[in-house]
Amino acid sequence: MGEEEYRECVDATFESFRTYDQYVDVVSSWEHFLTEQYDTNDTFYFDRFPAYFPSDSDTSLEPSFSALFNEDYGIVFDVNQKLPSVESQFETRLNELEQYDQDLQFRTGNGDLVTPSQHDIALLIHGDNFQTEKLRIRNALEDGELDVESNLVLLSYQYIDQDTNPKYQFQRASMVGDNFGDDALPDALQMSTRMSMEGGTFENINIPAEVFYDRKATGVLFNTEPPSLYLACYVWHTVFYDLLDDDQRIVWQRRDPTKTLDLVVDVSDLTERLNRDYIPGGGVHEKWVDNTLEYMCVAETAEKISDGEYYVKFRNLRDKRREYNDTLSDRSEHSDLAHLFAEWHCENTVELENRELNELVKADSANGPNKPREDLTQPELGEF
């Protein structure tokens, strides 16, 4: 196995995980900020998983998140690490932004649909790439490559990792695009004033990390398919333990990473559980779950029994994860597990031939527990 290829695989896989996790942070930050400021009536609604269905299209529009403030005003938000560098892909991305520039039906707090008389389009770019992308957007607006009548508001986002008060900071670009068109909001709550010199200062929005953790715990996802590694870590860390029997939980508490606790999971059932019990309104798709379990097969933490059914070789990995705790500064509680899974997955991805990889994800009724599970508690009870 090529060490360089293996490290590149792990780094790229974890970077995808980290970027998606930061997207979830950004949504959770804005959910906290807007809900605390504006949730004063039945019309206001912060939508983590919006989908709009224009009358002239069979395809839904799914921005990163959106907010309806009242019957006159809403905002759709589009979050990006950076915009595509390939020109043709950049043009496609601009066309996608232009699709938001039409009448859209926003969900309200009481479940109705409202088409506000005005909505803005907020484009968020990571601070590391903001200066470059700001210039590209300005050129696109000046050249007519990007043409929208709605206010297009450019914002940067940046995680500031301070020991005393880590936070996300959001800043509006002052010379490119527009300001918020939030005249329909009370004067004291207008972001257009707060984030411009109209209010006497050009203020940033700062959201301490600690204040949005609860919203992230139930929001979990961004409004697009997560990397399989991301969802694998979530279900392993959060869901699979809940599927154990009482005697299996006793064994799990011994923290023996070599002790496999057999779980046979159905994709449809697991998807339903996620949407019902863990991520309300998350819209998790069965295909996402199936892709995640196939990822776990390559990492050899699962086996495929049949279409839609998998054997999960669940173990308590807390002590194995501990070696990553001191080396990671990432905010995700799953980061150490992500590195562990990424290493296992990349070992096989780099080392095995395609034929061997296909065998790992091939359905086989012989997969699964070798024999009916015995009462696991009996040999373990002396420990408690």
Please assess Glu145 against Asn139 for the test side chain to side chain donor-acceptor pair (under 3.5 Å), listing each intermediate value before the final yes or no. CA-CA 8 Å; Glu145 295 177 1; Asn139 291 340; over 6 Å; no
The reported gap from OG in Ser28 to OH in Tyr213 (rounded to nearest 0.5 angstrom) is 10.5 Å
Heavy-atom pair of closest approach, residues Phe14 and Ser335: CE1-O, 3.7 Å
Can you find a heavy atom in the side chain of Pro166 that is under 4.5 Å from one in the side chain of Ile160? no
I'd like to know if Glu36 pairs up with Arg215 as an ion pair, taking the criterion as any Lys NZ or Arg NE/NH1/NH2 lying under 4.0 Å from an Asp or Glu carboxylate oxygen. yes
Euclidean distance, His345 NE2 relative to Leu360 CG, rounded to 0.5 Å: 9.0 Å
Could you check if a side-chain atom of Val76 sits within less than 4.5 angstrom of a side-chain atom of Leu104, using non-hydrogen atoms only? yes
Around atom CD of Gln99, are there more than 12 heavy atoms from other residues, nucleotides or ligands closer than 6.0 Å? yes
Looking only at heavy atoms, which two atoms of Tyr159 and Gln22 are closest? And how far apart? CB-NE2, 4.0 Å
Asp178 side chain vs Leu152 backbone, donor-acceptor pair below 3.5 Å: yes
With the 4.5 Å side-chain cut-off for hydrophobic clustering, are Val27 and Tyr100 part of the same group? no
Distance to the ring centre below 6.0 angstrom and angle to the axis at most 45 degrees; does that hold for Arg273 and Tyr278? no
Tyr6 side chain near Cys346 side chain, heavy-atom distance below 4.5 Å: yes
Compute whether any side-chain donor of one residue and acceptor of the other, for Arg48 and Ser66, lie under 3.5 angstrom apart. no
Atom CG of Leu189 and atom CD of Gln37: how far apart are they, to the nearest 0.5 Å? 6.0 Å
Given Phe180 and Gln190, is the side-chain contact (heavy atoms from CB on, under 4.5 Å) satisfied, shown in steps? CA-CA 8 Å; Phe180 290 100; Gln190 291 179 1; over 6 Å; no
Indicate whether any N or O donor in one side chain lies under 3.5 Å from an N or O acceptor in the other, for Glu294 and Ser228. no
Minimum heavy-atom distance between Asn367 and Lys304, given as atom pair plus value: ND2-O, 2.7 Å
Salt bridge flag under 4.0 Å for residues Arg194 and Glu203: yes
Does any non-hydrogen side-chain atom of Tyr234 lie less than 4.5 Å from one of Leu274? yes
Sidechain-backbone polar pair: Asp262 side chain, Lys313 backbone, donor-acceptor under 3.5 Å: no
Pairwise side-chain contact, Val298 with Thr349, heavy-atom cut-off 4.5 Å (strictly under): yes
Check the hydrophobic clustering (I, L, V, M, F, W, Y; side-chain heavy atoms under 4.5 Å; chains of links allowed) and say if Phe314 and Tyr311 are grouped together. no
Passes salt bridge (charged side-chain N to carboxylate O under 4.0 Å, His left out), Arg136 versus Glu133? Steps please. CA-CA 5 Å; Arg136 296 176 74 198; Glu133 303 301 359; 3.0 Å; yes
Least distance between heavy atoms, Tyr45 atom then Arg107 atom: CB-O, 3.3 Å
Distance col, row Ser192:OG vs Leu185:CG, nearest 0.5 angstrom, shows 8.0 Å
Could you grab the distance from atom CD of Gln105 to atom CZ of Phe53, nearest 0.5 Å is fine? 10.5 Å
Backbone of Gln248 reached by a side-chain donor or acceptor of Asp245 within 3.5 Å: no
Looking only at heavy atoms, what is the nearest atom pair of Val79 and Val26, with distance? CG2-CG1, 4.2 Å
Do Gln118 and Asp72 have a side chain donor and acceptor closer than 3.5 Å? no
Do side-chain atoms of Glu300 reach the backbone of Cys297 as a donor and acceptor pair under 3.5 angstrom? no
Side chain Ser60, main chain Tyr52, donor-acceptor under 3.5 Å: no
For Asp214, does the CG atom have more than 12 heavy-atom neighbours from other residues, nucleotides or ligands under 6.0 Å away? no
ring-ring contact (aromatic ring centres under 6.0 Å, His included) between His119 and Tyr73, worked out: CA-CA 5 Å; His119 71 264; Tyr73 184 62; 9.1 Å; no
Are Asn223 and Ser64 close enough that a side-chain donor and a side-chain acceptor fall under 3.5 Å? no
With side chain to side chain donor-acceptor pair (under 3.5 Å) as the rule and sequence neighbours excluded, what pairs involving residues 84-98 come up? Asp78-Arg93, Asn80-Arg93, Arg93-Glu96
Is the shortest side-chain heavy-atom distance between Phe212 and Trp30 below 4.5 Å? no
Would Phe106 end up clustered with Phe49 when hydrophobic side chains under 4.5 Å apart are linked, directly or stepwise? no
Side chain to side chain, Glu272 and Val289, heavy atoms closer than 4.5 Å: no
For the atom pair OG1 (Thr193) and CG (Asp187), what is the distance rounded to the nearest 0.5 Å? 7.0 Å
Is there a donor-acceptor pair closer than 3.5 Å between any side-chain N or O of Asp42 and the backbone N or O of Asn110? no
Tyr23 side chain near Phe65 side chain, heavy-atom distance below 4.5 Å: no
Strictly distance-based, threshold 3.5 Å: is any side-chain N or O of Asp120 a donor or acceptor partner for the main-chain N or O of Ile75? no
Can you confirm whether the side chains of Tyr310 and Asp290 place a donor and an acceptor under 3.5 Å from each other? yes
State whether the side chain of Glu286 and the backbone N or O of Ser268 hold a donor-acceptor pair below 3.5 Å, judged by distance alone. no
Kindly say whether Asp103 contributes a backbone atom to a donor-acceptor pair with the side chain of Thr115 at under 3.5 angstrom? no
Under 4.5 Å between side-chain heavy atoms, hopping through other hydrophobics if needed: is there a path connecting Leu340 to Val239? yes
Examine distances only and state if a side-chain atom of Thr108 and a backbone atom of Asp112 form a donor-acceptor pair shorter than 3.5 Å. yes
Partner set under ring pair (Phe, Tyr, Trp, His ring centres under 6.0 Å) for Phe341, not counting sequence neighbours: Trp236, Trp344
Of all the heavy-atom pairs spanning Arg315 and Pro257, show the shortest one and how long it is. CD-O, 2.8 Å
Establish whether Phe46 and Ile121 are linked, either directly or via other cluster members, by ILVMFWY side-chain heavy-atom contacts under 4.5 Å. no
Counting only heavy atoms from other residues, nucleotides and ligands, does the tally under 6.0 Å from CG of Asp143 exceed 12? yes
Asn206 versus Tyr168, side-chain donor and acceptor atoms under 3.5 Å: no
For the pair Phe77 and Leu123, evaluate side-chain contact (heavy atoms from CB on, under 4.5 Å) and give the outcome as yes or no after the intermediate values. CA-CA 6 Å; Phe77 294 81; Leu123 177 63; over 6 Å; no
Under the side chain to side chain donor-acceptor pair (under 3.5 Å) definition, can you give me all pairs with a residue in residues 352-365, not counting sequence neighbours? none
Aromatic plane relationship, Phe69 with Tyr38 - under 30° parallel, 30 to 60° tilted, over 60° perpendicular: perpendicular
